[in-house]
Amino acid sequence: NAGVTQTPKFQVLKTGQSMTLQCAQDMNHNSMYWYRQDPGMGLRLIYYSASEGTTDKGEVPNGYNVSRLNKREFSLRLESAAPSQTSVYFCASSSGQQETQYFGPGTRLLVL
Amino acid sequence: QKEVEQNSGPLSVPEGAIASLNCTYSDRGSQSFFWYRQYSGKSPELIMFIYSNGDKEDGRFTAQLNKASQYVSLLIRDSQPSDSATYLCAVRPAAGNKLTFGGGTRVLVKP
């Protein structure tokens with residue numbers, strides 16, 4: 001039982017490049033989330049998906065798009081990366097929006 | 001004012017002592033409160049959650065909630081070097097279902 005998995009683990013991009021961060025969970029959870037974590041800032045919610053087929057903006061959605069591909073997978077896309085998007089990105093899932101969130105191992109992204 | 005505030009630390013405690021971490025929140029109607037532990041370079045993992053005023057104990061950890069004063073605390077008894085980590089407080093506000101995280105408190109347990 002892998003829980004929440006994320007790919008890639010590390011990525012270096014040049015300004016203006018695009019990329020997609022992948023997230024999958026095998027816990028049959030309905031809700032999935034994307035956070036970014038910057039030093040001293042805690043975790044900030046980028047986008048979330050309460051259930052398959054729905055997505056909503058979080059606290060810091062600008063510069064990102066998401067796709068809830070199916071119940072298991074929730075991807076985060078950076079269309080034109082900027083240095084301000086250098087961060088650690090965490091995906092999380094929960095059985096419902098009121099329930100405990102479980103986190104993936106994270107993706108470290110550096111934008112030059 | 002941040003919605004969820006924590007002292008960034010580091011909180012340095014000797015091995016075997018009690019570590020006391022505090023978290024204050026601004027939304028008086030918040031209903032659910034979570035403590036996550038995050039080791040350096042790793043993802044957050046849930047330690048405890050608490051919904052009702054009072055204390056909740058789980059092993060060496062005790063969460064304390066005081067909704068009137070809008071704070072939640074975490075006590076770590078018999079602190080071990082393996083408890084050295086950053087502890088994140090998360091609050092679910094009254095409106096909506098999203099968690100709001102504090103910036104975290106770094107704890108260092110010295111042998």
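Naming: A, B, ... by sequence-line order, numbering from 1 per chain.
Residues B/Leu88 and A/Tyr33 share a single hydrophobic cluster, defined by chaining ILVMFWY side chains whose heavy atoms lie under 4.5 Å apart. No continuous path of ILVMFWY side-chain contacts below 4.5 Å connects A/Leu78 to A/Leu45, so the two sit in separate hydrophobic clusters. A/Leu76 and A/Val4 are not part of a single hydrophobic cluster, where members link through side-chain heavy atoms under 4.5 Å apart. Using a 4.5 Å cut-off between side-chain heavy atoms of Ile, Leu, Val, Met, Phe, Trp and Tyr, with links allowed through other members, A/Met32 and A/Val60 fall into the same hydrophobic cluster. Taken together through direct or relayed side-chain contacts under 4.5 Å among Ile, Leu, Val, Met, Phe, Trp and Tyr, B/Ile47 and B/Leu21 form part of one hydrophobic cluster.
Remark: B/Arg106 CZ is loosely packed, at most 12 non-hydrogen atoms of other residues, nucleotides or ligands lying under 6.0 Å away. The number of heavy-atom neighbours closer than 6.0 Å to CZ of B/Phe61, taken from other residues, nucleotides and ligands shown, is above 12. Atom OH of A/Tyr102 is surrounded by 12 or fewer heavy atoms from other residues, nucleotides or ligands within 6.0 Å.
In terms of non-hydrogen atom pairs under 4.5 Å with chain B, the most contact-rich of A/Gly42, A/Gly106, A/Ala92 is A/Gly42. Among B/Gly103, B/Gly104, B/Pro44, the residue with the largest count of heavy-atom pairs under 4.5 Å with chain A is B/Pro44.
For A/Phe103, the parts lying under 4.5 angstrom from a heavy atom of chain B are both the backbone and the side chain. Contacts between A/Leu43 and chain B at a heavy-atom distance below 4.5 Å involve backbone atoms as well as side-chain atoms. With a threshold of 4.5 angstrom between heavy atoms, B/Gln38 approaches chain A through side-chain atoms but not through N, CA, C or O. Using a 4.5 Å cut-off between heavy atoms, A/Glu59 makes no contact with chain B at all.
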Problem set entry | Criterion side-chain contact (heavy atoms from CB on, under 4.5 Å) on A/Thr100 and B/Tyr36, from CA distance to verdict | CA-CA 11 Å; A/Thr100 300; B/Tyr36 284 84; 4.0 Å; yes
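One finds the CZ atom of B/Arg92 at 6.5 Å from the CD atom of A/Gln101 (value rounded to the nearest 0.5 Å). Here the straight-line distance linking atom CZ of B/Phe101 with atom CZ of A/Arg44 works out to 13.5 Å at 0.5 Å rounding.
Looking only at distances, a side-chain donor or acceptor of B/Ser43 sits under 3.5 Å from a matching main-chain atom of A/Gly104.
Taking the side chain as every heavy atom from C-beta outward, B/Leu99 and A/Tyr48 never approach each other to under 4.5 Å.
Between B/Lys42 and A/Phe90, the shortest heavy-atom distance links the atoms O-CZ, 3.7 Å.
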